[in-house]
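Quick notes on the structure that follows.
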Number of protein chains: 2
Amino acid sequence: MDIKIAIADDELLFRQGLRAILSKQEDIKILFGASDGKDLIDQLNEASEKPEIIITDLKMPEMDGVEATKIIRETHPDIKVIALTSYFTKPFIVNMIAIGAVAYLAKNSTPALMVKTIREVHAKGFYYDEKVFEYIKDGASKGITNLKADSFNGTSLSKRELEVLELICQQLTTSEIGDKLHISPRTVEVHRNNLQIKTGVKNVAGLVIYAIQHNLVTFDKFY
Amino acid sequence: MDIKIAIADDELLFRQGLRAILSKQEDIKILFGASDGKDLIDQLNEASEKPEIIITDLKMPEMDGVEATKIIRETHPDIKVIALTSYFTKPFIVNMIAIGAVAYLAKNSTPALMVKTIREVHAKGFYYDEKVFEYIKDGASKGITNLKADSFNGTSLSKRELEVLELICQQLTTSEIGDKLHISPRTVEVHRNNLQIKTGVKNVAGLVIYAIQHNLVTFDKFY
DNA sequence: TAGAGACTAGGTGTTTTCACCTATTTTTTG
DNA sequence: CAAAAAATAGGTGAAAACACCTAGTCTCTA
């Protein structure tokens with residue numbers, strides 16, 4: 001009768017902390033923890049006992065929570081995904097809900113809210129607090145289907161453009177990026193220029209903001 | 001006879017998780033938790049019972065762990081500070097040790113290592129694992145005093161610098177910023193340059209990332 | 001198989017950033 | 001009040017970004 005849960009977060013201490021908090025609840029049982037999206041999917045596929053609810057951080061190395069959620073929604077449509085993150089901003093939230101997360105929880109939440117969210121999700125299948133709900137309404141009124149299609153690769157950035165964008169966010173210069181991708185710096189300039197036109201920003205500052213807001217780069221990579 | 005501890009981390013769930021982990025140890029007692037450096041200093045000053053050890057995250061809004069550590073080293077030199085962070089890189093580590101942290105712990109550590117570090121710090125006054133020790137040796141050979149003076153080591157950003165940073169994030173150029181603030185573009189350049197030195201980043205891309213990660217600019221303005 | 005889209009890369013020139021300096025004035029603080 | 005910190009601004013020069021342009025190759029698909 002326990003609520004079976006899996007946790008994905010790249011910080012072991014956080015994961016273990018969450019485990020310590022949740023293990024105090026008699027009706028909650030933690031099946032396993034994963035260090036990133038890839039690990040989560042692997043363990044999920046191998047697990048004999050599948051979790052009913054997965055709590056996943058969005059910002060993770062290797063494969064992030066967004067990607068992982070997409071895969072889980074396809075391969076295990078009955079598993080509920082609760083998104084957990086420090087970044088409580090509209091694009092993140094609207095996008096995660098569009099992808100299929102059933103709750104969005106800030107890392108700044110209280111343990112009590114975390115437990116409540118888990119129980120609500122288990123009982124009703126979803127749980128949105130007021131702020132999240134407000135964001136969803138906003139997102140919906142602006143056409144969530146459109147958002148679904150456009151969302152991140154919104155203006156549809158190409159694979160190469162995304163690579164260049166990521167390296168720009170890592171503070172590399174044009175020629176450094178050229179070296180890394182084995183292409184001419186001129187080509188990198190073309191990509192940067194196209195990125196600016198497609199995203200409608202003015203300079204690298206704009207590109208970085210765009211990348212972060214659209215969750216195209218993970219924060220971890222900056223260090 | 002308990003080891004008295006205070007915890008500072010901006011994520012409540014993490015803080016509570018840590019509390020849950022550490023409260024299982026009979027010899028460890030958690031006095032209070034703080035949500036950022038400012039909060040930590042305030043609570044520290046007001047506390048009737050002072051902690052012997054403070055575990056602080058480095059990346060926090062308002063006042064970060066670096067700044068807080070510096071203040072604590074001055075006002076409460078007998079309190080040991082353990083730096084806790086996701087970013088296990090040389091500059092961070094060397095800098096924190098230079099400032100006076102007695103241990104450097106990754107958020108990716110095991111709860112066991114966390115407890116061990118606390119006990120070692122309590123007994124011996126410090127604890128460095130092999131990797132940290134290696135970095136310190138490296139850092140020392142390169143002149144730690146210089147690093148202390150130059151690097152970003154928590155010198156908080158000035159009001160003007162924050163204004164400039166915000167406008168950089170709004171994609172304004174140096175001369176546009178100069179116009180807006182009624183100062184010479186040269187002065188803006190000085191501010192930008194100082195920002196880069198203080199934050200330890202390489203270019204505007206780095207500044208934008210720093211600003212967003214440290215909650216120095218509000219995301220809302222971009223929507 | 002023709003066309004679209006992506007990736008490539010060169011030319012040219014302007015503007016901006018960035019890294020070194022020095023130095024004065026203003027404000028804050030012990 | 002004296003010292004420290006912050007804000008101001010100039011010089012110089014190299015590197016990078018940005019804005020225009022043209023144009024070849026490659027891959028996928030209608």
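Naming convention: chains lettered A, B, ... in sequence-line order (proteins, then strands); numbering from 1 in each chain. No hydrogens, no waters, no symmetry mates; every other heavy atom, side chains included, goes into these values. Please read these numbers as outputs of a predicted model, since none were measured by experiment.
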Below 4.0 angstrom from OP1 or OP2 of dT16(C), is there any side-chain N or O of Thr174(B)? no

Under 4.0 Å: is that the gap between some side-chain N or O of Thr187(A) and OP1 or OP2 of dA9(C)? yes

Using atom [atom1] of [X] as one end and atom [atom2] of [N] as the other, report the distance to the nearest whole Å.
| X | N | atom1 | atom2 | value |
| --- | --- | --- | --- | --- |
| Gln171(A) | dC18(C) | CD | P | 10 Å |
| Ile168(A) | dC18(D) | CD1 | P | 8 Å |
| Lys202(B) | dA15(D) | NZ | C1' | 11 Å |
| Leu195(A) | dA19(D) | CG | C1' | 16 Å |
| Arg192(A) | dC7(C) | CZ | P | 16 Å |
| Asn193(B) | dA15(D) | CG | C1' | 14 Å |
| Asn194(B) | dC21(C) | CG | C1' | 13 Å |
| Ile197(A) | dA6(C) | CD1 | P | 13 Å |

Using a 4.0 Å heavy-atom cut-off, does Thr173(A) contact any base of the nucleic acid, only the sugar-phosphate backbone, or nothing at all? sugar-phosphate

With heavy atoms under 4.0 Å as the rule, sort Val204(A) into base, sugar-phosphate or nothing. sugar-phosphate

Does anything in residues 179-186 of chain A come within less than 4.0 Å of DNA chain C? Heavy atoms only, and list the residues if so. Ile183(A), Ser184(A), Arg186(A)

For Val190(A), enumerate each residue passing the side chain to side chain contact (heavy atoms under 4.5 Å, CB included) test, keeping only those at least two apart in sequence or located in another chain. Asn194(A)

Closest approach to the side chain of [X], judged atom by atom: which nucleotide of [options] is it?
| X | options | answer |
| --- | --- | --- |
| His191(A) | dA7(D), dA9(D), dC7(C) | dC7(C) |
| Asn203(A) | dC7(C), dC18(D), dA9(C) | dC18(D) |
| Gln196(B) | dC18(C), dA7(D), dT8(C) | dC18(C) |
| Ser158(B) | dA7(D), dC18(D), dA16(D) | dA7(D) |

To the nearest 10°, let me know how far the axis at one end of the helix from dT1(C)-dA30(D) to dG30(C)-dC1(D) is tilted from the axis at the other, five pairs an end. 60°

As an exercise, state the distance from [atom1] of [X] to [atom2] of [Y], rounded to the nearest 0.5 Å.
| X | Y | atom1 | atom2 | result |
| --- | --- | --- | --- | --- |
| Glu176(A) | Ile168(A) | CD | CD1 | 12.0 Å |
| Leu207(B) | Glu166(B) | CG | CD | 13.5 Å |
| Asn45(A) | Leu40(A) | CG | CG | 9.5 Å |

Under 3.5 Å side-chain donor-acceptor pair for Gln43(B) and Asp39(B): yes

Taking atom NZ of Lys29(B) as the centre, does the number of heavy atoms from other residues, nucleotides or ligands within less than 6.0 Å exceed 12? no

Report, as yes or no, whether the 6.0 Å neighbourhood of atom NZ on Lys50(B) holds more than 12 heavy atoms from other residues, nucleotides or ligands. yes

Contacts of Val190(A) and Glu189(B) projected onto DNA chain D by closest heavy atom; the upstream (5') one is Glu189(B)

Six-ring centre of Phe14(A), Lys107(A) cation under 6.0 angstrom, axis tolerance 45°: yes

Are the side chain of Thr187(A) and the backbone N or O of Ile183(A) linked by a donor-acceptor pair below 3.5 Å? no

